[in-house]
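Remember, it's 1-based here, ligands and their atoms both numbered in the order they're listed.
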Amino acid sequence: MRDFVTRFAPSPTGYLHLGHAYSALTAWQAAQEAGGRFLLRIEDIDTIRCKPEFEAAIYEDLAWLGLSWETPVRRQSEHFSGYSAAIDQLAGRGLIYRCFKTRKEILEDIGRAPHHPGESPEGVIYPGPAEPMSQEEEAGRIAAGEAFAWRLSMKAAAEAVGDLPRLTFTEEGEGPNGESGSCAIQPDLIGDVILARKDISTSYHLAVTMDDALQGVTHVIRGQDLFFATTVHRILQALLGLPVPVYRHHGLISGADGARFTKRDKSQTLRSMRESGARPEDIRLQLGFKW
Ligand code: GLU
């Protein structure tokens, strides 16, 4: 069997909750069953929202749950220069552009678009500007120190790759609408996504795609809430010449009231459950893991 490498990639913006535990256990168990490797990656590019105490808690909570992982752990905040180099490369090839628009201006642009692109699970779909910004205006705005986002031009990506929907990925789990097997990407649900900002050299999309390739991840195991993001990741793999892992999106765990766990659900953090007497085996059993 070919190598099997999977990972759990939390962001230390809060304490881990049951939903995280389910994802981590699913990936860990898949690695055990395949005789493969399980990596932990800290996705801490948001240096304002990510806190060292949450990172420390991730290690503590996962170890308490019975998981072990390879070290050293990759921390994205230590690799900004690598993401910057990719941004420079994409910019040099005309695949991304600087967007100086405010959220309000973006919404106005969308309102004026002939076919209202609407919203997708990835947020508002920005179809891009009607006209590219002139070089003079861009230079002036850069010189004035204005903030901007680097957006992927779906038009330029389509020209570089050929027909975008011919890009596919293998789904061994299930998307939110039952998608499985060979799945075509859905660029219409994405629009010109942000890949970096003036002062932050990467977005989640770029960092996750580059790191999965760099770390030799063969199986991306994560929640269905990230199924549509796979379209962005698949396009970046095509543009950057990166290998395409197999994807296993899993269903999301919800509480007794049917609502999904979020980081705001303080009562459902592993930490608070542990403090109220839960044992790791109770949590594992509650989530359907029998070991
Ligand atoms: N860091 C992402 C999160 O906390 C997960 C990334 C992934 O699994 O692709 O939701």
**Message:** Checking one residue: Val208. Which other hydrophobic residues are in its cluster under the side-chain 4.5 Å linking rule?
**Reply:** Tyr204, Leu226

Considering only distance and modelled atom types, tabulate donor-acceptor pairs under 3.5 Å from the side chains of residues 85-96, sequence neighbours left out.
{"residue": "Gln89", "atom": "OE1", "partner": "Arg93", "partner atom": "NH1", "Å": "2.6"}
{"residue": "Arg93", "atom": "NH1", "partner": "Leu239", "partner atom": "O", "Å": "2.9"}
{"residue": "Arg93", "atom": "NH2", "partner": "Leu239", "partner atom": "O", "Å": "3.2"}

**Message:** Could you check whether Arg41 pairs with Asp212 (Lys NZ or Arg NE/NH1/NH2 to Asp/Glu carboxylate O, under 4.0 Å)?
**Reply:** yes

**salt_bridge(Glu108, Lys104) N-O dist < 4.0 Å** = yes

What atoms in ligand 1 come closer than 4.0 Å to a heavy atom of [X]?
X     : value
Arg7  : 7 (C), 8 (O), 9 (O)
Ala9  : 1 (N), 2 (C), 3 (C), 4 (O), 5 (C), 6 (C)
Glu43 : 1 (N), 2 (C), 5 (C), 6 (C)

**Message:** Against ligand 1, does His233 come closer than 4.0 Å with any heavy atom?
**Reply:** no

**Message:** With respect to Val208, determine whether any N or O atom, backbone or side chain, lies less than 3.5 Å from an N or O atom of ligand 1.
**Reply:** no

**Prompt:** Judged by modelled atom types alone, do Tyr15 and Asp61 share a side-chain donor-acceptor pair under 3.5 Å?
**Reply:** no

**Item:** Under-4.0 Å heavy-atom contact with ligand 1, by part of Phe8 that carries it
**Value:** neither

**Fill in**
So for Val220 against ligand 1, with non-hydrogen atoms under 4.0 Å, the contacting part is neither

**Asked** For the ring pair Phe169 and Phe227, is the centre-to-centre distance below 6.0 Å?
**Response** yes

